Amino acid sequence: MRVVVLTGSGVSAESGVATFRDRDGIWSKYDYREVATPEGFAADPALVHGFYNARRRALQTVAPNAAHAALAKLEEELAARGGALTLITQNVDDLHERAGSKNLLHMHGELAKARCGACGDIYLCKDDLGVDSQCAACGQVGAMRQHVVWFGETPMFMDEIEDAVMAADLFVSIGTSGSVYPAAGFAAEAHSRGVPCTELNLEPSENAWAFSDARYGRAGEIVPQWVEELIAAL
Ligand code: OAD
């Protein structure tokens, strides 16, 4: 069985990572045009660096929760039976990999990586970035940016995602409001191909119509339950 799972910030909420559009979400405190667009970075790079530096530092204070652990277990159980789990995440945190997920596509990039705008080199980044950061590869100063996707930029791994969704026997969306495309369109694409689609979220998402099965509750509770049921049925 080939399962494709798409996760959003709701899967990390119980770890203490903020979601975006909930009442106290990130976009209630920041204007996304200022901190998550190429135009915002050009206008005030120090502000944008500060926004991501704070989120990267905060990752050191959080840990994967039961939902992340259950998805890592599902990947192992499917692989042991000749199947596969492709985990697509919109999250820039590293909680899925810290829980043990391996076949993971960070379509919106990663807080744990930096990229040089001059030479394109990508490397692991634990420290703060700033306007005076220097690229270790080409030596350019001032061109370093977070390796994340901003609004107006193309998400990463779109070819791999397309292949995985086309080959899926089951598509599952977890902890995402379904308001940002192209991720929000994956369920509709799977649905139109006749693939069963399941939604696990705190509340119905904007794409709720595309899901033939839906469970609503906290990811830390409903994801492990759903994983155990799926494994038992394999
Ligand atoms: P949103 O904030 O839009 O949606 C989070 C979803 O998680 C909502 O539907 C909540 O109901 C749900 N949720 C909250 N707590 C939960 C919990 N404990 N268990 C289960 N579900 C819970 O965040 P995303 O859908 O991830 O992109 O946002 C998608 C993209 O928009 C992000 O990747 C980011 C943002 O702007 C960029 O920055 C490019």
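We number each residue from 1, following the sequence as shown. If you're wondering where the values come from, they're calculated on a predicted model, not measured in any experiment. Counting starts at 1 for both ligands and their atoms, in listed order.
Of the residues listed (Arg115, Arg55, Arg56, His49), the one engaging Gln146 in a side-chain hydrogen bond (donor to acceptor under 3.5 Å, both in side chains) is Arg56, and it is the only one.
In the vicinity of Gly8, heavy-atom distances shorter than 4.0 Å reach the ligand 1 atoms 26 (O). Heavy-atom proximity to Glu14, at under 4.0 Å, picks out these atoms of ligand 1: 17 (C), 18 (N), 19 (N). For ligand 1, the atoms sitting less than 4.0 Å from at least one non-hydrogen atom of Asp22 are 10 (C), 11 (O), 14 (C), numbered in the order shown with element in parentheses. The atoms of ligand 1 that sit less than 4.0 Å from any heavy atom of Val149 are 39 (C). For ligand 1, the atoms sitting less than 4.0 Å from at least one non-hydrogen atom of Arg218 are 19 (N), numbered in the order shown with element in parentheses. The contact set between ligand 1 and Ala13, taken as ligand atoms under 4.0 Å from a residue heavy atom, comprises 15 (N), 18 (N).
For atom 11 (O) of ligand 1, the closest non-hydrogen atom on the protein side is Glu203 OE2, 3.0 Å. For atom 32 (C) of ligand 1, the closest heavy atom belonging to the protein is Phe20 CE1, 3.5 Å. The nearest protein atom to atom 26 (O) of ligand 1, hydrogens excluded, is given as Ser9 N, 2.8 Å; this is a heavy-atom distance. Residue, atom and distance of the protein heavy atom nearest to atom 19 (N) of ligand 1 are Ala219 N, 2.8 Å. Regarding atom 9 (O) of ligand 1, its nearest protein heavy-atom neighbour is Asn201 ND2, 2.9 Å. The shortest contact between atom 33 (O) of ligand 1 and any protein heavy atom is with His108 ND1, 2.8 Å.
Which of Gly10, Ala36, Pro204, Gly175 comes nearest to atom 17 (C) of ligand 1 through a heavy atom is settled by distance: it is Gly10. Here the shortest heavy-atom distance to atom 1 (P) of ligand 1, taken over Ser177, Gly25, Ser205, belongs to Ser177.
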**Request:** Test side chain to side chain contact (heavy atoms under 4.5 Å, CB included) on Leu87 and Glu75 and set out the steps.
**Result:** CA-CA 9 Å; Leu87 181 51; Glu75 181 178 345; 5.7 Å; no

**Prompt:** Given the rule in the side chain to side chain contact (heavy atoms under 4.5 Å, CB included) test, do Ser28 and Arg23 qualify, once you have shown the distances and angles that lead to the verdict?
**Reply:** CA-CA 7 Å; Ser28 72; Arg23 195 183 335 178; over 6 Å; no

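At least one N or O atom of Thr176, backbone or side chain, sits closer than 3.5 Å to an N or O atom of ligand 1. The shortest N/O to N/O separation between Val180 and ligand 1 does not fall below 3.5 Å. Residue contacts with ligand 1: Arg21 is placed with a nitrogen or oxygen under 3.5 Å of a nitrogen or oxygen of the ligand (distance criterion only). Taking any N or O of Leu202, backbone or side chain, at least one lies under 3.5 Å from an N or O belonging to ligand 1.
Hydrophobic cluster membership is shared by Phe41 and Phe51, with clusters built from Ile, Leu, Val, Met, Phe, Trp and Tyr side chains linked at under 4.5 angstrom. Tracing side-chain contacts under 4.5 Å through hydrophobic residues (I, L, V, M, F, W, Y), one never reaches Val11 starting from Leu95; they form parts of separate clusters. Residues Val180 and Leu111 fall within the same hydrophobic cluster, defined by Ile, Leu, Val, Met, Phe, Trp and Tyr side chains chained together at heavy-atom separations under 4.5 Å.
A search for side chain to side chain donor-acceptor pair (under 3.5 Å) contacts involving Glu228 returns Lys73, not counting sequence neighbours.
Under the 4.5 angstrom side-chain criterion for Ile, Leu, Val, Met, Phe, Trp and Tyr, the cluster partners of Val195 are Val4, Leu6, Ile88, Leu105, Met107, Val149, Met156, Phe157, Met158, Ile161, Val165, Phe171, Phe186, Phe211.
For Gln90 and Thr176, the side-chain atoms include at least one donor-acceptor pair closer than 3.5 Å.
Within the 4.0 Å heavy-atom shell around ligand 1 one finds Gly217. Contact annotation: Trp27 has at least one heavy atom less than 4.0 Å from an atom of ligand 1.
Contacts of Tyr32 with ligand 1, taken as heavy-atom pairs under 4.0 Å, are absent altogether. Both the backbone and the side chain of Gln90 come within 4.0 Å of ligand 1, counting heavy atoms alone.
Of the possible donor and acceptor atoms, none in the side chain of His68 sits under 3.5 Å from a partner among the backbone N and O of Ala99. Panel note: side chain Asp22, backbone Asp24; no donor-acceptor pair is recorded below 3.5 Å.
Electrostatic pairing of Glu229 and Arg215 counts as a salt bridge here, judged by a charged N lying under 4.0 Å from a carboxylate O.
When all heavy atoms are compared, the tightest approach of Leu78 to Ala84 is CD1-O, 3.8 Å.
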